[in-house]
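Just below is one structure, and these are the notes that go with it.
Reckoned from all heavy atoms, side chains included, excluding hydrogens, waters and symmetry mates. Since this is a predicted model, take the numbers as computed values, not measurements. Order of appearance sets the numbers: ligands from 1, and atoms from 1 within every ligand.
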Amino acid sequence: MAAVRSEGTFVVVGGGIAGVTCAEQLAVNFPAEDILLVTASPVIKAVTNFKQVSKVLEEFDVEEQPSTVLENRFPNIKVIESGVKQLKSEEHCIFTEDGHQHVYKKLCLCAGAKPKLICEGNPYVLGIRDTDSAQEFQRQLTKAKRIMIVGNGGIALELVYEIEGCEVIWAIKDKAIGNTFFDAGAAEFLTSKLMSEKSEAKIAHRRTIYTIEGAKDENRSKAKADNVGSALGPDWHGGLNLKGPEEFSHSIHIETRCEVKNIYLQEEFKITKKKPLTFPKHQDKPVTVDKETWPVYVELSNGKIYGCDFIVSATGVTPNVHPFLHGNNFDLGEDGGLKVDEQMRTSLPDIYAAGDICTACWQPSPVWQQMRLWTQARQMGWYAAKCMAAATSGHSIDMDFSFELFAHVTKFFNYKVVLLGKYNAQGLGSDHELMLRCTRGQEYVKVVMQNGRMMGAVLIGETDLEETFENLILNQMDLSSYGENLLDPNIDIEDYFD
Ligand SMILES: Cc1cc2nc3c(=O)[nH]c(=O)nc-3n(C[C@H](O)[C@H](O)[C@H](O)COP(=O)(O)OP(=O)(O)OC[C@H]3O[C@@H](n4cnc5c(N)ncnc54)[C@H](O)[C@@H]3O)c2cc1C
Ligand SMILES: NC(=O)C1=CN([C@@H]2O[C@H](COP(=O)(O)OP(=O)(O)OC[C@H]3O[C@@H](n4cnc5c(N)ncnc54)[C@H](O)[C@@H]3O)[C@@H](O)[C@H]2O)C=CC1
């Protein structure tokens with residue numbers, strides 16, 4: 001097919017939250033110009049029901065929409081559903097799979113990230129990123145008696161809570177669950193919730209088993225995708241039936257402080273003649289999975305070997321910089337993302353980046369850090385468009401307020417979770433203090449203090465403290481004189497600081 005050369009002005013690559021937000025904002029700024037949104041996925045992600053909860057905290061839904069919906073809302077946006085196969089930055093041009101090329105005045109790369117799998121190319125190792133990979137996971141789960149989940153971040157936390165009717169072996173490197181979001185205290189609070197709520201269970205006759213290898217209370221309570229689609233987000237599992245074939249609700253066994261050493265397929269395993277561990281012995285085991293053989297065996301660094309039906313690698317993401325950016329001399333961050341400065345510019349002229357693909361390399365506010373999250377993808381996409389617009393008229397703009405304070409609101413184990421600032425004392429060294437308030441089964445409040453100032457907070461449950469704490473972190477007021485009263489449940493802290 002003959003190449004068609006279009007003279008686009010602003011080109012955005014990626015139909016996820018970062019790319020769509022960037023294109024929308026460019027369309028508003030330049031109503032008389034065409035904005036090209038080039039995306040490999042057949043649907044785009046749109047932010048709906050946006051709510052600014054407080055100065056920095058925001059909540060919104062995310063909808064998959066056909067690209068025509070976006071084009072109808074913004075007549076100057078043209079969506080091209082085709083993957084970019086090559087960028088020629090010196091020629092200010094991208095080449096798409098459909099044989100076309102598009103010249104840009106300014107380009108914003110928002111191609112997201114892909115799962116960083118523990119073992120690439122192994123058909124028994126699944127990553128979850130987009131709708132297709134989530135559906136493939138669901139399909140395989142319906143037949144699975146036991147799976148292994150590797151990783152201790154957002155996806156793993158959500159999966160262990162949602163999966164029913166299938167034994168789950170959860171292998172984590174750390175000694176407590178949820179290391180990307182929580183410290184050991186919060187992890188324990190959540191663990192007890194998982195044990196109690198799930199055992200009381202949605203359906204009374206179902207039984208839950210929960211064991212943590214190496215933890216103090218070792219006993220249970222009774223209680224393949226190509227990854228070109230956009231990343232899933234809040235409530236991604238809501239529409240999926242995450243149910244295995246068995247009749248119990250939960251059966252989770254956690255192996256702490258270990259990594260995957262080897263993965264053997266059934267045939268390889270027979271040759272090595274290793275003896276698999278059976279599921280840890282306990283009296284109320286709800287099901288006996290007396291299979292002699294499993295499709296795949298996982299050897300952990302603690303020497304244990306588990307057979308299972310498949311493995312979910314929930315082990316983080318890698319920015320999508322290959323292969324289409326190959327041959328361009330981008331500066332990359334340590335995590336492999338495109339380095340961007342405080343104006344969202346990459347190291348190459350007229351090329352910006354936003355969302356999961358980029359690595360923020362500006363001097364951040366003392367209470368902000370990058371995390372590859374939905375909210376940051378939206379904020380970066382919006383801000384990148386503003387920067388592109390300003391640069392077009394020869395200006396630069398001040399960093400957007402949303403980068404002043406890290407703020408994330410989400411849900412884990414059915415609890416509202418708010419994370420603010422240096423919520424895990426990230427980068428503060430030993431020079432900090434923690435204050436805690438915890439009511440089992442109800443709320444967990446932790447604040448991180450340094451020199452009498454609040455630097456971060458973890459709020460689990462309906463604490464109603466987010467707005468006040470957000471202000472206290474932002475204004476860096478000296479709180480030394482309040483001491484522990486700060487978390488006294490009998491003091492209405494909102495009134496205190498009004
Ligand atoms: C299972 C799961 C649950 C999550 N839950 C949450 C949550 O609860 N809260 C939260 O804040 N965050 C959550 N996240 C993270 C969040 O989804 C991402 O941080 C965010 O969606 C990233 O947006 P993005 O636009 O940068 O990238 P993506 O959404 O990955 O979009 C990238 C886009 O680029 C396109 N693309 C890729 N390569 C090319 C190419 N060569 N040519 C053209 N187009 C290309 C893709 O088709 C896609 O449209 C979750 C992620 C996952 C995987
Ligand atoms: N509610 C929320 O906010 C959610 C956010 N997300 C986001 O989606 C993205 C993908 O999620 P996750 O894959 O869970 O990434 P993640 O970054 O949240 O967690 C990755 C986990 O894998 C572990 N890990 C990394 N390499 C490993 C290895 N080789 N062996 C064992 N463990 C290893 C890390 O220690 C970490 O616990 C992340 O950006 C995450 O923040 C995902 C789900 C929910």
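Listed by number with element, the atoms of ligand 1 under 4.0 angstrom from any heavy atom of Ala18 are 25 (O), 26 (O). In the vicinity of Ala377, heavy-atom distances shorter than 4.0 Å reach the ligand 1 atoms 22 (C), 23 (O). When each atom of ligand 1 is checked for a heavy atom of Arg372 under 4.0 Å away, the hits are 15 (C), 19 (O). Taking every heavy atom of Phe412 and a limit of under 4.0 angstrom, the matching atoms of ligand 2 come to 1 (N), 2 (C). Atoms of ligand 1 found under 4.0 Å from any heavy atom of Phe324, numbered from 1 in the order shown, are 41 (N). Counting the atoms of ligand 2 from 1 in the order shown, those under 4.0 Å from a heavy atom of Asn179 are 35 (O), 36 (C), 37 (O). Each of the following atoms of ligand 1 lies closer than 4.0 Å to a heavy atom of Asp356: 18 (C), 19 (O), 22 (C), 26 (O). The contact set between ligand 1 and Gly83, taken as ligand atoms under 4.0 Å from a residue heavy atom, comprises 42 (N), 43 (C). When each atom of ligand 2 is checked for a heavy atom of Ala314 under 4.0 Å away, the hits are 13 (O), 14 (O), 20 (C), 21 (C), 22 (O). Below 4.0 Å from some heavy atom of Val317 lie the following atoms of ligand 2, by number and element: 10 (C). Heavy-atom contacts of Leu373 reach the following atoms of ligand 2: 3 (O), 5 (C), 41 (O) (cutoff under 4.0 Å). Heavy-atom contacts of His408 reach the following atoms of ligand 2: 2 (C), 3 (O) (cutoff under 4.0 Å). Ligand-side atoms of ligand 1 in range of Ile128: 53 (C), range being under 4.0 angstrom from any heavy atom. Close approach to Gly355 involves these atoms of ligand 1, each under 4.0 Å from a residue heavy atom: 26 (O).
Close N/O approach between Gly19 and ligand 1 is not found [any backbone or side-chain N/O within under 3.5 Å]. Checked against a 3.5 angstrom limit, the closest N/O atoms of Arg372 and ligand 2 fall inside it. In terms of polar-atom proximity, Glu158 is not counted as a contact of ligand 1, lacking any N or O under 3.5 Å from an N or O of the ligand. Considering backbone and side-chain N/O atoms, Met371 never comes within less than 3.5 Å of an N/O atom of ligand 2. For Asp174, no nitrogen or oxygen atom sits less than 3.5 Å from a nitrogen or oxygen atom of ligand 2, counting backbone and side chain alike. For ligand 1, the polar-atom distance check against Trp374 finds a nitrogen or oxygen pair separated by under 3.5 Å. At least one N or O atom of Gly15, backbone or side chain, sits closer than 3.5 Å to an N or O atom of ligand 1.
Residue contacts with ligand 1 for Ile155 involve side-chain atoms from C-beta outward but no N, CA, C or O (heavy atoms, distance under 4.0 Å). At a heavy-atom distance under 4.0 Å, only side-chain atoms of Thr180, from C-beta outward, approach ligand 2. At a 4.0 Å heavy-atom cut-off, ligand 2 touches Val150 through the side chain alone. The part of Thr410 lying near ligand 2 is the side chain, judged by heavy-atom distances below 4.0 Å. Within the 4.0 Å heavy-atom criterion, neither part of Val317 lies near ligand 1.
Considering Phe182, Tyr161, Phe189 as possible partners of Tyr415, the one that fulfils the ring pair (Phe, Tyr, Trp, His ring centres under 6.0 Å) test is Phe189. Tested against Tyr352, the residues Cys108, Cys110, Cys22 include a single side-chain contact (heavy atoms from CB on, under 4.5 Å) partner, Cys108. Among Glu255, Glu259, Glu299, the single residue meeting the salt bridge (charged side-chain N to carboxylate O under 4.0 Å, His left out) criterion with Lys304 is Glu255.
Summarising the contacts of atom 32 (N) of ligand 2 with Leu157, Thr315, Leu117, Val260, the nearest heavy atom is found in Thr315. Distances from atom 18 (O) of ligand 2 to the heavy atoms of Gly154, Ala171, Gly151, Ala113 put Gly154 nearest. Among Arg129, Gln376, Gln86, Met371, the residue whose heavy atom lies nearest to atom 30 (O) of ligand 1 is Arg129. Scanning Ser41, Pro115, Ala111, Gly14 for the heavy atom closest to atom 32 (C) of ligand 1 points to Ala111. The residue from Lys173, Glu158, Lys116 that puts a heavy atom closest to atom 44 (C) of ligand 2 is Glu158.
Side-chain atoms of Asn76 come within 3.5 Å of backbone atoms of Glu33 as a donor-acceptor pair (strictly under, hydrogens ignored). A donor-acceptor pair under 3.5 Å is absent between the side-chain atoms of Glu167 and the main chain of Ile252, judged by distance alone. A donor-acceptor pair under 3.5 Å is absent between the side-chain atoms of Asn424 and the main chain of Gln426, judged by distance alone. Using modelled atom types, no side-chain atom of Glu64 and backbone atom of Lys45 make a donor-acceptor pair closer than 3.5 Å.
Taking 4.0 Å as the cut-off, Lys85 does not count as a neighbour of ligand 1 on heavy-atom distance. Cys110 counts as a contact of ligand 1, since one of its heavy atoms falls under 4.0 Å from the ligand. Trp374 does not count as a contact of ligand 2, since none of its heavy atoms falls under 4.0 Å from the ligand. Under a 4.0 angstrom heavy-atom cut-off, Arg129 registers as lying outside contact with ligand 2.
Contact annotation: the side chain of Val296 approaches that of Cys308 to within less than 4.5 Å [non-hydrogen atoms, C-beta and beyond]. Between Met148 and Tyr124, every side-chain heavy-atom pair lies at or beyond the 4.5 Å cut-off.
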message = With salt bridge (charged side-chain N to carboxylate O under 4.0 Å, His left out) as the criterion, how do Lys416 and Glu466 come out once you've worked through the C-alpha distance, each side chain's angles and the decisive distance to 0.1 Å?
response = CA-CA 11 Å; Lys416 178 175 176 182; Glu466 51 268 36; 2.7 Å; yes
query = Arg372 and Asp335: salt bridge (charged side-chain N to carboxylate O under 4.0 Å, His left out), yes or no, with the steps?
reply = CA-CA 11 Å; Arg372 291 192 163 84; Asp335 58 8; 2.9 Å; yes
message = Applying side-chain hydrogen bond (donor to acceptor under 3.5 Å, both in side chains) to Lys88 and Gln101, what does each step give before you reach the verdict?
response = CA-CA 10 Å; Lys88 287 199 174 163; Gln101 56 176 291; over 6 Å; no
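Taking the centre of each ring, Tyr297 and Tyr306 stay at or above the 6.0 Å mark. Trp368 has its ring centre no less than 6.0 Å from the ring centre of Phe406.
A salt bridge links Arg378 and Glu58; the closest N-O separation between the charged side-chain nitrogens and carboxylate oxygens is under 4.0 Å. The pair Lys51-Glu59 meets the salt-bridge criterion, since a charged nitrogen lies less than 4.0 angstrom from a carboxylate oxygen. With respect to Lys446 and Asp183, a salt bridge is recorded, a charged nitrogen being found less than 4.0 Å from a carboxylate O. Ion pairing between a basic and an acidic side chain is recognised when a charged N comes within 4.0 Å of a carboxylate O; Lys78 and Asp34 show no such pairing. Between Asp130 and Lys114 there is no salt bridge, since none of the side-chain N atoms of the basic residue sits less than 4.0 Å from a carboxylate O of the acidic one.
How far CG of Leu465 is from CG of Leu420: 10.0 Å, rounded to the nearest 0.5 Å.
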